[in-house]
Amino acid sequence: MADIFVILPDGSRRTLPAGATACDLAADIGPGLAKAALIADIDGVAVDLSAPLADGQQVSIITADSDAGLETLRHSTAHVLAQAVLDMYPGATYAIGPPIEHGFYYDFDLPGGATISDEDLAAIEARMREIIAADQPFERHEASAAEGLELFAAHPYKREIIETVALAADAGKGGQSADELAEEVVGDGRISYYRNSDSFIDLCRGPHVPSTGRLGHFKLMSTAGAYWRRDAGRPSLQRVYGTAWASRQDLAAHLHRLAEAEKRDHRRLARELDLVSWPADLGPGLAVWHPKGAAVRRVIEDYSRRRHDEGGYESVVTPHIARSELWETSGHLDFYRESMYPAMELDGATYYPKPMNCPFHMLIFKSRQRSYRDLPIRMFELGTVYRYELSGAVHGLMRSRGFTQDDSHIFTTREQAPAEIASLVAFVLSVLRAFGFDSFDARLATRPVGKSVGEDAEWELATEALRDALQAAGLDYELDDGGGAFYGPKIDIDVQDAIGRSWQLSTIQVDFQLPERFGLEYVGADGKRHRPVIIHRALMGSIERFFGVLIEHYSGAFPAWLAPVQAAVLPVAAAHGDYAEEVATHMRNEGFRTEVVEAQEPLGRRIRATKLQKLPYVLVVGDDDVAHGTVGVNARGSDGDERGVPLETFVSRLAADVQAHR
RNA sequence: GCCCGAGUAGCUCAGUCGGCAGAGCAGCUGUCUUGUAAACAGCAGGUCGCAGGUUCGAUUCCUGUCUCGGGCUCCA
């Protein structure tokens with residue numbers, strides 16, 4: 001039999017006997033690769049290792065080091081989950097089970113509407129480990145749709161998938177439904193399925209790892225409800241989420257990250273550090289700010305105002321409610337109504353709480369005639385808005401029903417807009433960096449198909465301006481095709497926090513629509529009237545979310561410039577109380593946030609209690625300090641303490657920290 | 001809004017197979033405070049989320065409802 005050759009990723013050729021599989025190729029390259037191999041990529045198509053090779057193909061062997069390999073590992077683990085659940089719950093049926101970020105899920109319909117509790121997960125996981133220990137092969141088979149319907153006769157969701165595939169094939173098109181079903185089917189009207197054992201098969205496009213023994217670094221995480229095909233009108237299924245990784249170390253690292261994230265949860269820290277609370281009597285998504293939370297907020301807002309002053313913005317203030325006519329003009333009643341709080345009837349008029357500040361700023365622009373010489377006009381407001389978020393979407397400070405935007409609207413000429421956007425991106429990044437964020441993800445969202453207004457040329461121009469600004473700022477960005485607002489394209493900027501999570505904060509949106517709706521005009525150099533362009537911009541997004549992200553970013557240990565209490569003063573004994581007050585008063589006069597913890601309890605206990613509040617500095621004062629005008633400095637994160645530091649020396653040090661945003 | 005799960009003291013949680021509700025920490029009072037992460041003693045604290053129902057009796061069982069958590073969706 002003639003040999004064949006295949007081309008490896010490095011361009012080299014390798015000769016194999018005819019009939020060789022990808023698995024043989026891996027073994028031929030080396031035993032290490034053979035052991036690590038999960039699937040193969042043949043001419044750009046991911047396939048099982050058992051796939052036969054043909055002459056001249058480009059082949060690469062895929063391991064768990066790559067995204068594709070890890071995805072396969074997760075997908076295969078999902079199949080093991082399905083086998084375990086079907087095994088343990090007679091009469092249960094299964095829907096779909098794709099890989100997702102960090103792991104996988106699988107949706108089930110259990111007999112009699114049974115549910116899976118967290119306790120059940122341990123038992124399911126144990127069964128999964130048995131299946132993995134049995135090292136069952138993933139055997140690929142293909143069949144016609146008719147055969148598939150017979151194979152999965154007892155499983156209505158699988159049958160529905162097969163029927164949809166058959167329909168799509170009949171219609172002779174791939175289309176949207178085929179995309180959705182990509183995980184389960186081949187796509188040409190035939191189906192593929194994988195057999196693990198005599199009793200377990202699963203409809204699947206594949207590929208899969210060679211056998212269940214290749215899996216094992218996984219953990220079932222949680223259960224949730226989910227609709228079949230994401231449709232609230234369809235049956236509700238039990239979803240089981242799991243995480244899966246290439247190695248024990250990766251799994252442990254992931255679980256560690258989750259534990260860290262939980263420790264940093266701003267809802268927990270907000271309570272422990274007495275920053276913010278959500279009294280049930282207020283209703284979901286509405287927070288009250290306690291003195292310590294409000295102290296941090298004030299620093300955030302003061303800094304924001306200062307930067308805006310320096311950046312050529314003018315502060316404005318607008319009311320919280322407005323008559324329905326305003327919202328009709330702005331289009332919010334047409335486009336945003338379901339997110340607005342309901343109307344209030346008053347003196348024969350209808351008022352709505354504001355979900356956005358924009359229309360008010362339009363009215364300020366319109367209050368007098370504007371010249372091109374006035375532009376750009378940059379209005380800034382810490383504007384509190386109310387949005388009727390779905391109750392299930394509300395999440396601490398990250399997603400509230402009442403929140404304050406650091407909102408601005410910039411009115412420019414068309415010619416000025418590109419430069420204005422470019423400087424805006426730089427401004428946004430500069431402010432975010434000042435709060436300790438240095439890693440950003442940006443998205444450029446373009447014109448939504450169908451539901452948008454304006455001329456193509458305008459959209460093109462604005463999108464290019466946004467793109468140029470991103471490039472000028474040196475920001476990598478993803479394209480969110482069709483993700484723009486109905487009135488214009490936008491840039492969203494996410495920050496990455498200390499443990500690598502992404503949070504959406506800033507948004508910069510170009511708007512052609514509101515100037516039209518409000519009939520905004522300025523007089524140009526030519527003496528004629530022109531429409532300005534509006535740039536909407538929220539920098540921190542909302543002060544609430546920004547604060548929540550800061551809490552999680554710093555794990556509650558705010559840098560000195562933000563900390564609600566910058567230094568606590570602890571007298572060693574009651575006799576040093578007066579000196580402690582003197583020290584505190586002096587520091588307050590210097591502009592620092594200071595509190596005294598009186599000597600009503602032993603020093604060690606007070607130090608512990610104060611340390612748990614994560615303050616930047618704990619100052620201890622005793623006999624020596626009273627005698628010499630010094631303090632004992634215990635800095636957060638340092639080992640031990642420094643004795644006999646002159647008060648002025650400490651004040652300078654704290655001032656330097658604040659200055660440097662440490 | 002929908003699906004799944006959970007609501008017991010300020011917090012973390014135990015408990016009641018339907019019969020006077022518990023711990024630790026926090027709090028308060030007293031004694032004690034003497035140099036860097038938990039002094040000692042005592043006290044107080046709960047309509048067992050809320051409203052109905054079943055029952056001699058409900059925190060416990062049933063129904064509804066509210067809130068929270070995890071998802072879906074959406075977003076600052």
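Bear in mind the structure is a predicted one, so any value in this text is a computation, not a measurement. Worth knowing before you read on, the calculation uses all heavy atoms, side chains too, and leaves out hydrogens, waters and symmetry mates. A note on names: the letters A, B, ... follow the listed sequences, proteins ahead of strands, and every chain is numbered from 1.
Comparing A76(B), A37(B), U36(B) by their nearest atom to the side chain of Val620(A) picks out U36(B). Nearest nucleotide to the side chain of Phe403(A), out of U36(B), G1(B), A76(B): A76(B).
Ring centroids of Tyr106(A) and Phe104(A) are separated by 6.0 Å or more, keeping the two rings apart. Between Tyr341(A) and Trp327(A), the distance from one ring center to the other does not fall under 6.0 angstrom.
Formation of a donor-acceptor pair under 3.5 Å by the Gln238(A) side chain with backbone atoms of Phe108(A) is not found in this model. Side-chain atoms of Ser542(A) come within 3.5 Å of backbone atoms of Arg545(A) as a donor-acceptor pair (strictly under, hydrogens ignored). For the pair His266(A) (side chain) and Leu397(A) (backbone), a donor-acceptor distance under 3.5 Å is present. In terms of modelled atom types and a separation under 3.5 Å, the side chain of Arg501(A) and the main chain of His553(A) share no donor-acceptor contact. Between the side chain of Ser330(A) and the backbone N or O of His332(A) there is at least one donor-acceptor pair closer than 3.5 Å.
For residues 611-631 of chain A, the ring-ring contact (aromatic ring centres under 6.0 Å, His included) pairs, not counting sequence neighbours, are Tyr617(A)-Phe650(A). Residue pairs meeting the side chain to side chain donor-acceptor pair (under 3.5 Å) criterion with at least one member in residues 277-291 of chain A, sequence neighbours excluded: Asp274(A)-His290(A), Ser277(A)-His290(A). Identified under the salt bridge (charged side-chain N to carboxylate O under 4.0 Å, His left out) test for residues 610-628 of chain A, with sequence neighbours left out: none.
Look at Glu598(A) and Arg606(A) and you find no salt bridge, because none of the NZ, NE, NH1 or NH2 atoms lies under 4.0 Å from a carboxylate O. Look at Glu552(A) and Arg268(A) and you find no salt bridge, because none of the NZ, NE, NH1 or NH2 atoms lies under 4.0 Å from a carboxylate O. Lys490(A) and Asp492(A) are joined by a salt bridge, as a carboxylate oxygen and a charged side-chain nitrogen come within less than 4.0 angstrom of each other. Contact check on Arg433(A) versus Asp438(A) returns no salt bridge, with no Lys/Arg side-chain nitrogen under 4.0 Å from an Asp/Glu carboxylate oxygen.
Here His586(A) pairs with nothing under the ring-ring contact (aromatic ring centres under 6.0 Å, His included) rule; sequence neighbours left out. Applying the salt bridge (charged side-chain N to carboxylate O under 4.0 Å, His left out) test to Arg399(A) and every residue at least two apart in sequence or in another chain returns Glu389(A). Partners of Val431(A) under the side-chain contact (heavy atoms from CB on, under 4.5 Å) rule, at least two apart in sequence or in another chain, are Tyr303(A), Arg307(A), Phe427(A), Phe435(A), Leu539(A), Met540(A).
Among the heavy atoms of the strands, none lies under 4.0 Å from Leu570(A). As judged by a 4.0 angstrom heavy-atom cut-off over every strand, Pro571(A) is placed among residues making no nucleic acid contact. Nucleic acid contact for Asp624(A): base, since at least one base atom lies under 4.0 Å from a heavy atom of the residue. Within 4.0 Å of Asp625(A), counting heavy atoms only, lies at least one base atom of the nucleic acid. Using a 4.0 Å heavy-atom criterion, one finds that Thr610(A) contacts no nucleic acid atom at all. Residue-level contact check: Gly604(A) touches the backbone only, with heavy atoms under 4.0 Å from sugar-phosphate atoms and none from bases.
Nucleotides C28(B) and A9(B), compared at atom C1', are 14 Å apart to the nearest Å. The same atom, P, is picked in A58(B) and in A21(B); the two are 13 Å apart, to the nearest Å. Atom P of U54(B) sits at a distance of 26 Å from the matching atom of G7(B), rounded to the whole Å.
With the 3.5 Å cutoff on both pairing distances, Watson-Crick and G-U pairs in RNA chain B assemble into runs of at least 3 at B:1-7 with B:66-72, B:10-13 with B:22-25, B:27-31 with B:39-43, B:49-53 with B:61-65.
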Contact pattern, 5' to 3', of nucleotides 25-34 of chain B - B, S or - by protein heavy atom under 4.0 Å: -S-----BBB
Under 3.5 Å, N/O pairs linking protein and nucleotides 70-73 of chain B:
from, atom 1, to, atom 2, distance (Å)
G70(B), OP1, Arg267(A), NH2, 3.2
G70(B), N2, Gly225(A), N, 3.3
G71(B), O3', Tyr241(A), OH, 3.0
G71(B), O2', Tyr241(A), OH, 3.0
U73(B), OP1, Arg230(A), NE, 3.2
U73(B), OP1, Arg230(A), NH1, 2.4
U73(B), OP1, Arg230(A), NH2, 3.0

Please tabulate the protein-to-nucleotide N/O contacts below 3.5 Å involving nucleotides 6-11 of chain B, giving atom names and distances.
from, atom 1, to, atom 2, distance (Å)
C11(B), O3', Arg271(A), NH2, 3.4

List every contact pair, protein side and nucleotides 41-51 of chain B side both N or O, where the distance is under 3.5 Å.
none

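Within a 6.0 Å radius of CZ in Arg298(A), no more than 12 heavy atoms belonging to other residues, nucleotides or ligands are found.
Proximity of residues 538-554 of chain A to RNA chain B (heavy atom under 4.0 angstrom from any strand atom) is restricted to Gly541(A), Ser542(A), Arg545(A).
Checking Ser506(A) against Gly396(A), the closest nucleotide of RNA chain B that is more toward the 5' end is the one next to Gly396(A).
Between Lys490(A) and the phosphate of A76(B), there is a side-chain N or O to OP1/OP2 separation shorter than 4.0 Å.
Closest heavy-atom contact between Gly402(A) and Leu286(A): N-CD2, 3.7 Å.
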